[in-house]
Amino acid sequence: MISKLLPRGINFFDLFERQVGFAVEAARFFEQIVSRGHIDGNTLSRIQEIEHSGDEAAHAIIDQLNKTFITPFDREDIYNLTKQLDDVIDMINTIISRMKIYHITEVNMNLVEFAKVIEESVNAVARAIGGMRNRKDAKLVTAACIEIHRLENLGDTMRDRVLEDLFSKTTDPILVMKWKDIFQDAETVLDVCEDVAHVVDSILVKQA
Amino acid sequence: MISKLLPRGINFFDLFERQVGFAVEAARFFEQIVSRGHIDGNTLSRIQEIEHSGDEAAHAIIDQLNKTFITPFDREDIYNLTKQLDDVIDMINTIISRMKIYHITEVNMNLVEFAKVIEESVNAVARAIGGMRNRKDAKLVTAACIEIHRLENLGDTMRDRVLEDLFSKTTDPILVMKWKDIFQDAETVLDVCEDVAHVVDSILVKQA
Amino acid sequence: MISKLLPRGINFFDLFERQVGFAVEAARFFEQIVSRGHIDGNTLSRIQEIEHSGDEAAHAIIDQLNKTFITPFDREDIYNLTKQLDDVIDMINTIISRMKIYHITEVNMNLVEFAKVIEESVNAVARAIGGMRNRKDAKLVTAACIEIHRLENLGDTMRDRVLEDLFSKTTDPILVMKWKDIFQDAETVLDVCEDVAHVVDSILVKQA
C-alpha cells in the first residue's frame with residue numbers, strides 16, 4: 001500500500017520515452033517506404049510489429065497509472081499523452097495499410113515530402129517528451145512544441161496544394177479518391193503530433 | 001439532501017442495461033435489414049424509434065449522474081460509457097440512413113457478414129455491461145471485452161479486404177464511393193464497441 | 001497568491017463573449033461568401049484574420065484558466081467550451097478553404113440555405129453564452145440551446161436530402177466528391193454548435 005503512495009514519476013518518463021521511440025521508428029520506416037514506393041507483405045508485418053510494440057508501451061503506462069497514487073503530472077494528461085502517442089503510430093500504420101489496399105506502387109514526390117515533414121514532427125515530439133523530465137529543459141520542450149505547430153501549419157498548406165492539384169489535374173475519379181485519402185491521413189499524423197504538443201504545453205504551464 | 005449522498009449504484013446498472021438493450025435491438029434490426037436488402041419508410045421510422053428510446057435511456061443516466069453525489073464508479077466513466085453506447089446506436093442509424101440516401105437495394109453478402117459481426121460485438125457489449133453489477137462476474141466481463149477486441153480486429157481485416165476488392169474491381173466511381181462509406185461506417189460501429197470495452201476494462205482495473 | 005484564490009468569474013464570461021463574437025463574425029462572413037459564390041485571395045485572408053482573432057481569444061481563456069484557482073464553473077467545462085467555440089470557427093474556415101481548393105465558383109442555393117441555418121445556430125450559441133452570466137437568464141439560455149438542437153436536426157435532414165439528390169442526379173463523380181465534402185463540413189458546423197449546447201446545458205444543471 002505504501003508503495004502506491006510513493007511518487008514514481010521517473011517511471012512515467014521512462015515509459016513515455018519508450019513509447020515515443022516506437023513513434024519515431026514508425027515515422028522513419030514510413031519515410032523509407034514512400035521513398036521506395038513499394039509495399040509488400042514484409043512491409044506490412046514490419047509496421048505491425050512496431051505498432052504492436054507501441055501498444056505494449058501504451059498498456060504499460062495505463063497499468064502504471066492505475067497502480068500509482070501520486071503521479072508526476074495530472075492523471076488525465078498522462079492518459080491523453082499515451083493515447084495520442086498511440087494515435088501517431090496507428091495513423092502511420094493506417095496510411096501504409098491504405099497504400100497496400102489501394103495498390104499504390106508508384107513513388108509520389110509530394111508524399112515523400114510529406115513523409116519527411118512527418119518524420120521531423122515526430123522527432124520534435126520525442127524531444128518534447130524527453131525534455132519533460134527536467135525543469136531545466138523547459139526551453140527545449142517549448143522550442144520542440146513550437147516546431148510541431150509550425151510543421152502542422154506547413155502540412156495544412158502542403159495538403160491543400162496537393163488536393164488543389166489533384167482535383168484540377170487528375171481525370172480518373174478513383175485515383176482522386178485514393179490520393180485524397182492518403183494525403184488526408186498524412187495531414188492527420190501532423191494534427192495528432194500537435195495534440196501531443198498541446199498536452200505537453202499545458203503540463204508545462206501548470207508546473208510553472 | 002441526504003438522498004443525494006446515498007449510494008445509488010443499483011440504479012446506474014439498471015439504467016445501463018436498459019440503454020445497452022436498445023443497442024442490441026438496433027444491431028439485430030440492422031442485420032435483418034441488410035439480409036433483406038430493402039429499405040423503406042417503415043425501416044427508417046423503426047430505427048429512429050429505437051434511436052429515440054436509446055436517447056431517452058442516455059438522458060436518464062446523465063440526469064441521474066447530475067443528481068447523484070456518490071456513484072458506483074467514476075463520474076467521467078459513467079458519462080463516457082453512456083455517450084459511447086449512444087454512439088453505437090447512432091452509428092447503426094447512420095448506416096441505415098446512408099443506405100436509403102444512396103438508394104442501396106441489392107443484398108451485399110459482405111455487408112451481411114459485417115452485420116453479423118456487429119451483432120456479435122454488441123451482444124458482447126451487453127454481456128460486459130450486465131456483468132459489471134457483481135464483482136463475481138469479473139471473469140465474464142473480461143471475456144466479453146476480449147471478444148469485443150477480437151471482433152474489432154476481424155472487422156478491420158474484413159473492411160480492408162472489401163475495400164481492396166472494391167477499388168480493384170468496381171469501375172463505377174460513384175458505386176465505389178457509396179460502398180466505401182457504408183463499410184467504413186460498419187467498421188466504426190466495431191470501433192465504438194471497442195471504446196466501450198476500454199472504459200469497462202479500466203473500471204474493472206480501478207475496482208480491483 | 002491571494003489573487004489566485006479570488007473568484008474571477010466575470011472575466012471568463014467576458015472572454016467567452018469575446019470568443020463567440022468571432023464565431024458570429026465567421027458565420028456571417030460565410031453566408032455572404034456563399035451567396036456571392038466567389039472566393040479569392042481577399043476572402044481567404046479575411047476568414048484567416050477572423051480565425052486568428054478567435055485563436056487569440058481561446059488562448060486568453062486557457063491562460064486565464066491556468067492562472068485561476070476558483071472558476072465560475074468546472075475547469076473541464078471551461079476548457080471544452082473554449083475548444084468547441086474554436087472548432088466552430090475552424091470548421092467555417094475549413095469549408096471556405098475547401099471551396100477555394102475545389103475551385104467552386106457557382107452559387108449553390110442549397111449551400112446558401114445551409115449557411116443561413118449555420119448563421120442562426122451560431123447566433124443562438126452567442127445568446128446561450130451571453131445568458132450564462134446571470135442566473136435570471138437561465139430560460140433564455142435553455143431556449144437558445146433548444147433552438148441549436150432544432151437547427152442541428154434541420155441540418156441533418158437538409159444534408160441527407162442534398163446528398164440523395166447529388167448521388168442520384170450528378171453524373172460527374174469528381175463533382176459528387178466535392179459537394180459531398182462541402183455539405184458534410186457544413187453539417188459538422190451544426191454538430192459542433194450542438195456540442196456547445198450540451199456543455200452549456202450541463203453547466204446549467206450542475207448550478208441548478
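Here the structure is a predicted model, which means the values were calculated and not measured. Below, each value reflects all heavy atoms present in this structure, side chains not excepted, and no hydrogens, waters or symmetry copies.
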Q: Measure the spacing between OG of Ser202(B) and CG of Leu65(A) and express it to the nearest 0.5 Å.
A: 9.5 Å
Q | Atom NZ of Lys100(A): over 12 foreign heavy atoms under 6.0 Å | A | no
Q) Around atom CZ of Arg18(B), are there more than 12 heavy atoms of other residues, nucleotides or ligands at under 6.0 Å? A) no
Q: Would you mind listing every ring-ring contact (aromatic ring centres under 6.0 Å, His included) that reaches into residues 115-144 of chain B, with sequence neighbours excluded?
A: none
Q: Measure the CD1-CG distance between Ile62(A) and Asp201(B) for me, rounded to the nearest 0.5 Å.
A: 11.0 Å
Q.
Tell me every residue that passes side chain to side chain contact (heavy atoms under 4.5 Å, CB included) with Asn93(A), counting only those two or more places apart in sequence or in another chain.
A. Ile47(A), Gln48(A), Glu51(A), Ser97(A)
Q.
Counting only heavy atoms from other residues, nucleotides and ligands, does the tally under 6.0 Å from OH of Tyr79(B) exceed 12?
A. no
(Q) With a 6.0 Å cut-off (strictly less than), is the heavy-atom count around NE2 of His103(B), excluding the residue itself, greater than 12? (A) yes
**Q.** Proximal to chain A - members of residues 142-177 of chain B, heavy-atom separation under 4.5 Å
**A.** Asp160(B), Leu163(B), Glu164(B), Phe167(B), Ser168(B), Thr170(B), Pro173(B), Val176(B), Met177(B)
Q | Pairs touching residues 111-120 of chain A that satisfy side-chain hydrogen bond (donor to acceptor under 3.5 Å, both in side chains), sequence neighbours left out | A | Glu31(A)-Lys116(A)
